[in-house]
Asks: 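Here it is: the structure, laid out below.
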Amino acid sequence: MSQNTSETCLGKVYLVGAGPGDPGLMTLKGKTLLEHADVVVYDALVSPPILDMIGEKAIKIDAGKRRGRHSKLQAETTQILIEKARQYPVVVRLKGGDPFVFGRGGEEMEDLVNAGIPVEVVPGITSGIAAPAYAGIPVTHRGYSSSVTFVTGHEAVGKYRPDINWTAIAQGSETIVIYMGVHNLNNIVTELQKGGLTSDTPIALIRWGTRPEQEQLIGTLETMMQQVETANFEAPAIAIIGKVVELQEILNLQQRINP
């Protein structure tokens, strides 16, 4: 690991997607960068096996954000990336899933570009596709769904619009995948039903998707809130709504994750 102290010869920041957790789903490019990085700034949802890929000499900085427990503010994280890129050749910003799918990667890249820092994005597999797949739920299927909508269930304060148009989503997509929606699920279910979805619409909640500890609940819009309460089901989890959930009983033949 070599320190770069020249202000005219900047290092580079790589926004790397760590995927949903299974280390076998980490891209080869991402793994190589972790092995050769001088600095790795990582999020809370990055799984331990992927953190183990980081080279021994790398500086590791935990910038994880979890509901109610923000270890670092977003502005502080961006400033760390800028400072480290002015000191070291290879800085990796390691983010769970994909950096550009509800991962604030676009915001961080914008700030880095404005600061004159070279940036490259290394996509990762997003949990909204991988978690359902590991549970035997394809988000599209010619006999069930030809459209899928990815939406966040946790909106940022001061965002570009006040709220999500759940009615439009209910009426416009056959499969709905909701990130970070467990804490607001009751309101989301209510709004989707107001938008036209029937109470018997299938829904699945998948927690820690693709990891050995993956767990899931399968039900309907009418039954799911009671199931969540009974099972004490908590975040982080992905919600999948639509007829494709019915395929879970047929396609979920693999009982073990990471055989």
Side-chain angles (χ1 to χ4, degrees), residues 17-27 43 45-47 49-50 95-103 123-154 164 166 169-170 172-186 188-189 191-192 195 197-198 200-225 227-228 231 233-259:
D22 181 347
L25 298 180
M26 181 71 174
T27 65
D43 277 347
L45 293 180
V46 178
S47 67
I50 291 177
K95 307 179 77 68
D98 180 273
F100 280 4
V101 181
F102 305 120
I125 298 177
T126 181
S127 59
I129 295 173
Y134 271 54
I137 302 172
V139 294
T140 66
H141 185 290
R142 287 195 300 172
Y144 290 77
S145 173
S146 59
S147 62
V148 56
T149 296
F150 298 97
V151 59
T152 177
H154 176 70
I164 293 171
W166 291 106
I169 291 174
S173 184
E174 294 168 295
T175 301
I176 304 168
V177 178
I178 304 172
Y179 293 67
M180 301 170 286
V182 172
H183 293 286
N184 196 31
L185 188 61
N186 189 47
I188 292 171
V189 167
E191 291 301 315
L192 288 173
L197 293 188
T198 59
D200 62 350
T201 300
I203 176 174
L205 294 184
I206 303 172
R207 171 179 162 86
W208 295 122
T210 80
R211 302 189 186 198
E213 62 268 36
Q214 175 174 317
E215 55 182 332
Q216 59 214 27
L217 295 178
I218 308 294
T220 66
L221 294 185
E222 181 178 19
T223 66
M224 184 51 71
M225 291 311 304
Q227 290 176 249
V228 168
F233 199 87
E234 297 181 346
I238 291 286
I240 305 96
I241 300 171
K243 285 183 64 64
V244 291
V245 174
E246 296 175 356
L247 290 164
Q248 191 270 345
E249 185 175 353
I250 301 171
L251 301 182
N252 190 26
L253 302 177
Q254 182 178 344
Q255 299 301 313
R256 293 186 299 116
I257 302 299
N258 302 327

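In this text, all values refer to a predicted model and were calculated from it rather than measured experimentally.
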Asks: Suppose we screen for side-chain hydrogen bond (donor to acceptor under 3.5 Å, both in side chains). Which residues come up paired with Asn184, at least two apart in sequence or across chains?
Replies: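 Checked Asn184 against side-chain hydrogen bond (donor to acceptor under 3.5 Å, both in side chains); matches are Asn187.
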
Asks: Start with the C-alpha distance between Ile238 and Val177, add both sets of side-chain angles, then the distance that settles side chain to side chain contact (heavy atoms under 4.5 Å, CB included), and finish with yes or no.
Replies: CA-CA 7 Å; Ile238 291 286; Val177 178; 3.7 Å; yes

Asks: Would Ile240 and Thr175 count as a side chain to side chain contact (heavy atoms under 4.5 Å, CB included) here? Give the steps.
Replies: CA-CA 7 Å; Ile240 305 96; Thr175 301; 4.1 Å; yes

Asks: What are the two closest non-hydrogen atoms of Ala170 and Ile176, and how far apart are they?
Replies: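 Nearest pair, atom of Ala170 first, then Ile176: CA-CD1, 4.4 Å.
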
Asks: Locate the shortest heavy-atom distance separating Pro20 from Leu25; write the atom from each residue and the value.
Replies: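 That closest heavy-atom pairing would be CG-CD1, 3.8 Å.
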
Asks: Using ring-ring contact (aromatic ring centres under 6.0 Å, His included) as the criterion, list what pairs up with Phe102, not counting sequence neighbours.
Replies: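 Testing Phe102 for ring-ring contact (aromatic ring centres under 6.0 Å, His included), a comparison that skips the adjacent residues, returns Tyr179.
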
Asks: Roughly how far, to the nearest 0.5 Å, is CG of Leu247 from CG of Asn252?
Replies: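 Separation between the atoms: 11.5 Å.
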
Asks: Minimum heavy-atom separation for Thr210 to Ala131, with atom names?
Replies: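 Here Thr210 and Ala131 meet closest at CG2-N, 4.2 Å.
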
Asks: Quick one: closest heavy-atom pair of Met224 and Ile203, and the distance?
Replies: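 In terms of heavy atoms, the two residues are closest at CE-O, 3.5 Å.
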
Asks: Determine, stepwise, if the pair Trp166 / Val189 fulfils side chain to side chain contact (heavy atoms under 4.5 Å, CB included).
Replies: CA-CA 9 Å; Trp166 291 106; Val189 167; over 6 Å; no

Asks: Rounded to the nearest 0.5 Å, how far apart are CG of Asp22 and OH of Tyr134?
Replies: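 The distance works out to 3.5 Å.
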
Asks: Who passes salt bridge (Lys or Arg N to Asp or Glu O under 4.0 Å) against Glu246, sequence neighbours left out?
Replies: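 With sequence neighbours excluded, Glu246 shows a salt bridge (Lys or Arg N to Asp or Glu O under 4.0 Å) to Lys243, given in chain and number order.
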
Asks: Within this structure, what is the CD1-CD1 distance for the pair Ile164 and Ile178, rounded to the nearest 0.5 Å?
Replies: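 Interatomic distance, Ile164 CD1 to Ile178 CD1, rounded to 0.5 Å: 8.0 Å.
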
Asks: For the pair Arg207 (side chain) and Gln216 (backbone), establish whether a donor and an acceptor sit closer than 3.5 Å, ignoring hydrogens and angles.
Replies: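 Flag not set: sc Arg207 to bb Gln216 has no pair under 3.5 Å.
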
Asks: What heavy-atom pair brings Gly172 and Ser147 nearest, and what distance separates the two atoms?
Replies: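 Scanning both residues completely, I find the closest heavy atoms to be O-OG, 4.2 Å.
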
Asks: Just so I know, are the side chains of Trp208 and Leu45 near enough to count as touching, which here means a heavy-atom distance under 4.5 Å?
Replies: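 When only atoms from C-beta onward are counted, Leu45 and Trp208 do touch, with a gap below 4.5 Å.
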
Asks: Could I get the full list of salt bridge (Lys or Arg N to Asp or Glu O under 4.0 Å) partners for Glu174, not counting sequence neighbours?
Replies: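 Result, salt bridge (Lys or Arg N to Asp or Glu O under 4.0 Å) vs Glu174: none returned.
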
Asks: Heavy atoms, side chains only, cut-off 4.5 Å: are Leu205 and Leu185 in contact?
Replies: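 Counting from C-beta outward, Leu205 and Leu185 do come under 4.5 Å.
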
Asks: Taking only residues two or more places apart in sequence, or in another chain, which ones meet Glu222 in a salt bridge (Lys or Arg N to Asp or Glu O under 4.0 Å)?
Replies: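 Applying salt bridge (Lys or Arg N to Asp or Glu O under 4.0 Å) to Glu222 gives none.
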
Asks: Which distance, rounded to the nearest 0.5 Å, do you find between the CG of Leu221 and the CD1 of Ile241?
Replies: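 The CD1 atom of Ile241 is 5.5 Å from CG of Leu221, to the nearest 0.5 Å.
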
Asks: Within this structure, what is the CD-CD1 distance for the pair Gln248 and Ile137, rounded to the nearest 0.5 Å?
Replies: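 Output value for this atom pair is 5.5 Å.
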
Asks: For the backbone of Ser173 and the side chain of Thr149, can you confirm whether one donor and one acceptor N or O come within less than 3.5 Å of each other?
Replies: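 No, Thr149 side chain to Ser173 backbone: no donor-acceptor pair under 3.5 Å.
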
Asks: Of the non-hydrogen atoms in Pro138 and Leu251, which two are nearest, and what is the gap between them?
Replies: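 That would be CD-CD1, 3.7 Å.
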
Asks: State which residues pass side-chain hydrogen bond (donor to acceptor under 3.5 Å, both in side chains) with Thr223; sequence neighbours excluded, sorted by chain then number.
Replies: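 Thr223: side-chain hydrogen bond (donor to acceptor under 3.5 Å, both in side chains) contacts with Thr220, Gln227.
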
Asks: Decide yes or no on side chain to side chain contact (heavy atoms under 4.5 Å, CB included) for Ile206 and Gln214, but give the supporting numbers first.
Replies: CA-CA 7 Å; Ile206 303 172; Gln214 175 174 317; 3.9 Å; yes

